[in-house]
Every structure is written in structure tokens, then in C-alpha cells.
Number of protein chains: 2
Amino acid sequence: MEFFDKVGKSALGSRLRLMTAVVTDDAAKIYELYGVDFVPKWFPVFYTLAEEREITITEIANEIGHSQPSVSKIIQEMIAAGLIEESAKTEDKRKNNVVLTEKGILISKKIKQQLEDIDVAIEGIIAESKHNLWAALEEWEFLLEQKSLIKRVSEQKKKRESKDVKIVDYKPEYQEAFRALNVEWISTYFEMEEADYKALDNPEEYILKKGGKILVALYENEPVGVCALIKMNNSEYDFEMAKMAVSPKAQGKSIGWLLGKAIAEKAKELGAKKIYLESNTILKPAINLYYKLGFEKVFGLETPYKRCNIQMELVL
Amino acid sequence: MEFFDKVGKSALGSRLRLMTAVVTDDAAKIYELYGVDFVPKWFPVFYTLAEEREITITEIANEIGHSQPSVSKIIQEMIAAGLIEESAKTEDKRKNNVVLTEKGILISKKIKQQLEDIDVAIEGIIAESKHNLWAALEEWEFLLEQKSLIKRVSEQKKKRESKDVKIVDYKPEYQEAFRALNVEWISTYFEMEEADYKALDNPEEYILKKGGKILVALYENEPVGVCALIKMNNSEYDFEMAKMAVSPKAQGKSIGWLLGKAIAEKAKELGAKKIYLESNTILKPAINLYYKLGFEKVFGLETPYKRCNIQMELVL
DNA sequence: ATTAATTATATAACTAGTTATGCAAATGTA
DNA sequence: TACATTTGCATAACTAGTTATATAATTAAT
């Protein structure tokens, strides 16, 4: 299939589907070849029954990796075909235990040789090929169990996008974004306070002129995240990290992390030994981020903000 | 999936189906993650259109390995979603050429980054694993194209069963089978003749006592094939191979081949240089077998049989 | 120039699975 | 002991494909 060479690995699903169709189509013909009156889709259920003697529908479904309704339907078909029967002698009346009939046992014997032939044929293909499909499927089952494809793709997305994020110094043109991004989250969770308006309306005067810093995260040249380093007086800390905000539209790009790291770096450059922050525990993702950045809880400082119920510090 | 360890390679179809489901389920989530309003099953069609600019439904189906009705339905859905449109400017009015709309082109650009991320994620899994699933699928596509699974299984069946066939010397207890197997095919295609009755009713006298041989093929201890080596007098040949018959129930076990080989071997043992046979060209499988055994056409000998329209010899 | 065969597509009916849901039996809990 | 929750199964409705078939347009053949 030339198509797959062009399209790349993202068509893996399609490629698998086609191979599945090729293999299962031939499976039907194989039963015919051996003169067995049997439908391929019955096989996993039938095999389990032949092994286990007596088992419930839900147990079968779990064993073979089908949904319960799928097994339910297959069981009904096989009962109609006379291969299995309900065994009734269970106490739990919800359960529908099934066993092979005489005819079923006969077919299971008849089928044995066929399965061996198929096994040999497939082993033959594996021997002819450089890459072992059977072993590869086993490995993939394990690896995707460990970490699903969607998880892996989303990690790759994050990694790539965070490369496209630039952290730059504040410029007057970013004042609007600095204000809007902060107002957005503050007014969602709390109420805007006096101290907020001062800093957000006039960052030059209230933050920069006092010796603080503001960093802006740009994605595709748009400001999508901001964070300030505010000079503290009469305190064991030189700076407070505050007014961190990331646009919800730009989530999943590790922008908070990148801003936090950059702010800590900047504080170090400015000679700080420790930085301080205030937050609220209802902001769970934020608190998580602070822990990841290395902040730890502290107690007892005074704060002008009502919304503060947790205080943290980062030793640089 | 423990099930697959127990059940063996014959469950390859089931295993493939499960892996396909795992991968395609995540594919849907991936489109969601990237905020693209897109159904995974559209992808192969969409990709082809994005590459080829303008192409008919049947061409797409062939390219991506789907059936034409499948593509037909997908096209309809994508038209409804506004991603593609009919391009009308074809002369052949049967054809329904389709192209991407503006919106489609936009999405194709949007999707590009996503495909790259998936590619990287899958490459990551491949790098983590010892057995390359992608490469294995490619190899299997090639190998099954060369020789299908059903062909391989049927060859294995034949091989195994021919091992269970024993070629033994004639004993009086096989007279009935010798007669019945021959009467079956002769009376199906021709009419029994005088010479047939003589040899079949009294093989001891008409074949063995005159220095001929009869071999019997046993499968599960039942006589399922017979073949005679008849002494010829006043001829360049020492023996004629005749009365070869195989039960239709025992077909596909190479019994004709095994009998023919054994008869030739026996003739050699008896000092013959060439053996001769008579047949009729309407018996195509038989003629094919004779060629495979090394017989070649000859002309001009006299024969007592009306049904003979081809004569052959094998140089030993 | 007809007629027959082929081609391109659409539609219907089927297949082998899925998820969602409802019901009855069994189990847990106050 | 009564009520809520959980479990096991069946059924309905859906999905992503298939094969079979009908129809119209085109091409080939007499």
C-alpha cells in the first residue's frame, strides 16, 4: 500500500484496520476449508469455554477483551447453533453460566488440528519476515497500557508548543494584556481588590519603578501569560512573585512553568536569596505548579489581600 | 492480554482487532485535543484530497484501500461538514470529482502540526520497542500479497495430511475399494467397458499374476486411493500405469502424487525403463498430475479403451 | 447506428463490534 | 430489616466498515 509510505505513521490506525480485515476475511475461508460449521468471531468465546469448562458471560468478556454485550450476542448465536448450553446449576440467578454441548466438544476436537495448521502457517510468515508482527503487537499492548497514545501525543504537543513560547521583558504595549489576563482569573474566582487595581492599572509606577520586574510569555507573538516580581520592603524576602496569569486559550503549553522558572532566574540575577508568594488553595493547578517550581509553605506574614489563604517561599 | 499467550497465533485476527480499536479510539480523542472538528475515519480520504487536488471517488478508494461505497459515504459526510465540494467541471458525467473547500484547506493546514506530533509519538513507541509494528505491518502486507494466509494454511494442511497417508501393497481385502474407487470416477465421466470389469473384478488374475503391481493409499487406515502397474506385452514399454483413483473425500492430500511417485519407484525396482499411460483430456486434474510426475505425450499406440484420447510416457 | 459491455457512483442490507440503558438479583449499610 | 448500591445480563441504538445491486453514462463491438 503505497498510501502508507506517503502519509506517515499517523495512519497507523488505518493500516491496522486493513491488515485486520485481510486476516479475518481469510479466517472465514479457513473454517470452510476444514469443513467446520463455525463463524470466526465465535472463536475467542469458544476457546475460553473449551478451556474453562464453566464461566459467566462477563468473565469471558474480560478474558478475551470484548465488551459484555458482544459476548452476550455471540453466546446467543452459539446456543442457537447448538454448540453451547446454559448450565443452570448456579445459585446466583443473575448469572448465566454456559458450557459446551456434546456437539461443541466434538467441534473443539475437530478444530484443534486446524488451529495447529494456522499456527504453523503464521509462524512461517514470521520466520520469513524481519519484523515480528506478533511480538510487536504484544509489546504495543504493554507500552500503550503503560502510557496511552493520546497521553503520548499530548505530551509531544506540549513539548513542541513550549518551544514556541518566548519569555520577554515587559514593555508598555503589554500593559493591556497584563491587566486583562489578571482581571480574567481574579474576577472568576474572587473579587478585584484595591491593591489589584493599583498594580494592574499602573505597573510602571507600582512595580517597575520600585525595582520589580514583569515578564511576558509570547505565543505566536501574542502575549498569553504574565508574571511579576515585586520588590518587598521591611521583609526577610527581597521579592514577591505575583500577578501570574496565563490565558486559558494557551493552556497545555507549560507557560506557567516557563514564566515561574524565568522569574526565579531573574530574582537570582537581582541578588535575591528567597522569593515569596501568596495564593489561595482553591487554585489547585496553580498551587501544584508552585510546588513543582520548588516553593514550600510558610506561615505568618501579613498580607493586604483577602483572598490569600496560603503563603509560600522559594529558596533560590 | 494473557488470553493471547494461551491461545496461540491463530488468534492473530482478534489481537489485531483489539489493537486497532485501541489506536482508533485514541485517534478520536486526539482530534478533540487539537480542537479540530474532524472524524478519524475521514482522514485517509481527506489526506488524499489534500495531496491530489482533484480526484474521483473510485480513485480515492483504490488509493487508500477502502471499498468504493465506503468512500462514497465519507465524501457525503465531508460535503455536509463543508470540508469538500463537487468540482463539476469534468466532462464525464458519471464522475463526481471533489476538491477541498476553503474551510477544508484551512483544516488541512491546522492538522499538519497534529500529524507531526502523532508521528513523533509513534516513533517514540517504536524506539521504545524491540519489534517494529509499523515495519512488521508493511512486511505482512507484502508477504500476504505474495501468498495469502488461506493459501499458506491450506498448503500446511496438505503437507501434514500427506504425512498421514501410507502407501501399501495390495491385499485381497482391498479388492472392494479398488473396484469401487475406480467405478466411481469411470462411470461419472465415461461408461464402464469390458476391459474395466475384467481388471477390477479380478485384479489378482488380470494384474498381479501377470507380473503387475497394485498400490493402495491408506488415510486413517482406510483405503482412499489406488493405482495399478500393468505388465505390457509386445511393446516398447514394460508397464502401463492404470486404474489410478482417489476418493473425492480424500482430496487435497496429494494422494495422487504420492501414488504416482510410488508406482514409478516400483516400476524402476522391477527393472522398467519407461512406463506408459492412457487417459482423456477432459480429466484435467489428472492430466496435470501426470505432467507434474514427469509424463510426456506420445502418439500411436493401440488401445482397447474408447475413452482414451491421450497417451503419455514417463522415462524412469 | 445499435447493441452489449464496462465504468462510476449511490443505495440498501448486512456484519462485527461498540456504548447506553434498563431490569432483576445480590450485596452492603444504617 | 429496609433501603441504597452494585453486579450480571439483555436489549436497543449506533458505528465503520463490508458486499450486492441498481442506474446512468461511456466505450467497444457488430
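Letters A, B, ... mirror the listed sequences (proteins, then strands); counts begin at 1.
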Not counting sequence neighbours, which residues clear side-chain contact (heavy atoms from CB on, under 4.5 Å) with Glu116(B)? List them please.
-> Gln113(B)
Nucleotide dT9(C), atom C1' - distance to CD1 of Ile79(B) in whole Å = 12 Å
Check the surroundings of atom CG in Asn309(A): do more than 12 heavy atoms from other residues, nucleotides or ligands lie under 6.0 Å from it?
-> yes
Partners meeting side-chain hydrogen bond (donor to acceptor under 3.5 Å, both in side chains) with Tyr34(A) (sequence neighbours left out) = Asp117(A)
Which of these nucleotides, dA10(D), dT9(C), dA10(C), is closest to any side-chain atom of Gln76(B)?
-> dA10(C)
Short side-chain N/O contact to dG8(D) OP1/OP2 from Asn96(A), under 4.0 Å | no
Establish, yes or no, whether a centroid distance under 6.0 Å links the rings of Phe38(B) and Phe46(B).
-> yes
In whole angstrom, give the distance that lies between atom CG of Asn62(B) and atom P of dT9(C).
-> 10 Å
Going 5' to 3' along nucleotides 15-22 of chain C, which nucleotides have protein heavy atoms under 4.0 Å from the base (write B), which only from the sugar-phosphate (write S), and which from neither (write -)?
-> -SBBBB--
Are any non-hydrogen side-chain atoms of Phe3(A) and Arg15(A) less than 4.5 angstrom apart?
-> no
Close side-chain approach of Glu51(A) and Thr48(A), heavy atoms under 4.5 Å | no
Measure the distance from CD1 on Ile60(A) to P on dG8(D) and round it to the nearest whole Å.
-> 13 Å
Would you say Ser72(B) reaches dA10(C)'s phosphate, i.e. side-chain N/O to OP1/OP2 under 4.0 Å?
-> yes
For Thr56(A), which contact category applies under a 4.0 Å heavy-atom criterion: base, sugar-phosphate, or nothing?
-> sugar-phosphate
To the nearest angstrom, the NZ-P distance between Lys95(A) and dA10(D) comes to 14 Å
